[in-house]
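Presented below is the structure to which this report refers.
Note that the numbering runs from 1 along the sequence shown for the chain.
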Amino acid sequence: MIEAGAATGALALMASSPLLAATIDPDGIRRRPDMDPQPAQPQAARPRVMVDPTVDPRIVQRARAAFDRHRSQIRDTNVVGIVDFTKYSSDPRFYLLDTNTGRVTRHFVSHGRGSDPSHTGFLQRFSNLIGSEASSDGSYIVGDYYYGRYGRSMRVRGLDPSNNNAEARAIVVHTAWYAEPEVIAQQGRLGRSEGCFALPNRSLQEVMARLGPGHFLYADRIRSI
């Protein structure tokens, strides 16, 4: 159910995260003492590690850009969450990415019933509307732990226009019976949530331990042309 992969191939994540090297002086020029001192200009940082190729590099690229846009609001950068809703619900598509090594662990996660009304197993659409019971795409900051209907859970706050109703919609990260692997064995796909990130209980324990308050979570899908 949970797998770790080698940190090889694909794209490096996040221009301001520990994945990337420090800024350097342009062209590495050595200046003569009689030349006016000039401050180093920011350059594209070189990646120190590569993201596990089990994560679609297109999703990684989008997550990197989103991370950069919201960097000032992210407190902890050592681990980020990426959810690839392109994949079928029987595929592990919730990734915990270690930004220091590029390694990931993979987990099952349900999407909202409003995103898949016919229960095909594929997310059909996103929605940010209150009452839609759909999943929302975009960037999130993980909030506080709390105890709710499904036990210990985590709140999330949406940072984009596509998900800024997350708190009003009570979108959270929690466990649920319909997100367990046994449901896939019986039905061929996971059950659906009301828009929350519903995980197997075992996965939730790792997610809560590693992706706690102040971490970055990104959800998206690659649409067919």
Side-chain angles (χ1 to χ4, degrees), residues 1-23 44-87 91-110 135 137-145 152-160 163 172-175 179 181 196-222:
M1 178 177 65
I2 303 174
E3 301 179 27
T8 57
L11 298 176
L13 185 64
M14 304 167 194
S16 53
S17 82
L19 277 174
L20 300 178
T23 301
R46 297 189 178 100
R48 289 193 281 114
V49 297
M50 294 296 177
V51 178
D52 188 315
T54 58
V55 189
D56 189 320
R58 296 170 294 179
I59 292 289
V60 173
Q61 186 175 29
R62 293 182 185 186
R64 176 180 59 198
F67 181 99
D68 289 341
R69 286 196 304 272
H70 301 295
R71 179 63 184 87
S72 63
Q73 301 186 63
I74 303 169
R75 189 167 73 242
D76 293 306
T77 62
N78 58 317
V79 175
V80 301
I82 299 177
V83 184
D84 184 359
F85 278 127
T86 314
K87 296 180 177 295
D91 293 327
R93 53 186 181 171
F94 189 114
Y95 303 99
L96 287 181
L97 169 61
D98 185 319
T99 61
N100 292 299
T101 66
R103 293 176 65 86
V104 303
T105 57
R106 304 186 297 163
H107 307 267
F108 297 118
V109 63
S110 294
S135 298
D137 56 330
S139 306
Y140 298 85
I141 288 292
V142 177
D144 296 331
Y145 303 111
R152 193 164 183 248
S153 308
M154 296 192 306
R155 305 184 195 278
V156 293
R157 176 167 58 90
L159 303 179
D160 297 321
N163 66 359
V172 300
V173 181
H174 65 75
T175 189
C196 294
F197 299 94
L199 302 164
N201 183 62
R202 181 180 171 189
S203 291
L204 182 69
Q205 306 317 306
E206 180 180 347
V207 171
M208 287 196 301
R210 299 181 61 203
L211 197 74
H215 284 79
F216 179 72
L217 173 65
Y218 181 76
D220 205 349
R221 73 181 175 111
I222 303 298

Any side-chain heavy atom of [X] sitting closer than 4.5 Å to one from [Y]?
X: Leu204; Y: Arg152; answer: no
X: Phe108; Y: Ser203; answer: no
X: Val55; Y: Arg106; answer: no
X: Asp137; Y: Arg221; answer: no
X: Val142; Y: Val173; answer: no

task: Applying side chain to side chain contact (heavy atoms under 4.5 Å, CB included) between Phe94 and each of Ile82, Thr105, Leu211, report the one that passes.
output: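 Option passing the side chain to side chain contact (heavy atoms under 4.5 Å, CB included) with Phe94: Leu211.
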
>> Among Val79, Val80, Asp76, Val51, exactly one meets side chain to side chain contact (heavy atoms under 4.5 Å, CB included) together with Thr99. Which residue is that?
In response: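 Looking at Val79, Val80, Asp76, Val51, the match for Thr99 under the side chain to side chain contact (heavy atoms under 4.5 Å, CB included) is Val80.
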
With sequence neighbours excluded, residues passing side chain to side chain donor-acceptor pair (under 3.5 Å) with His174
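Side chain to side chain donor-acceptor pair (under 3.5 Å) check on His174 returns nothing, list empty.
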
Applying side chain to side chain donor-acceptor pair (under 3.5 Å) to Thr86 and not counting sequence neighbours gives Asp84

**Partners meeting ring pair (Phe, Tyr, Trp, His ring centres under 6.0 Å) with Phe197 (sequence neighbours left out)** =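 Result, ring pair (Phe, Tyr, Trp, His ring centres under 6.0 Å) vs Phe197: Tyr140.
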
Item to check | Salt-bridge contact Asp56-Arg58 (side-chain N to carboxylate O under 4.0 Å) | outcome: yes

### Message
Measuring from atom CZ of Arg157 to atom CG of Leu217, what distance do you get when rounded to the nearest 0.5 angstrom?
### Response
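Atom-to-atom, Arg157:CZ and Leu217:CG are 12.5 Å apart.
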
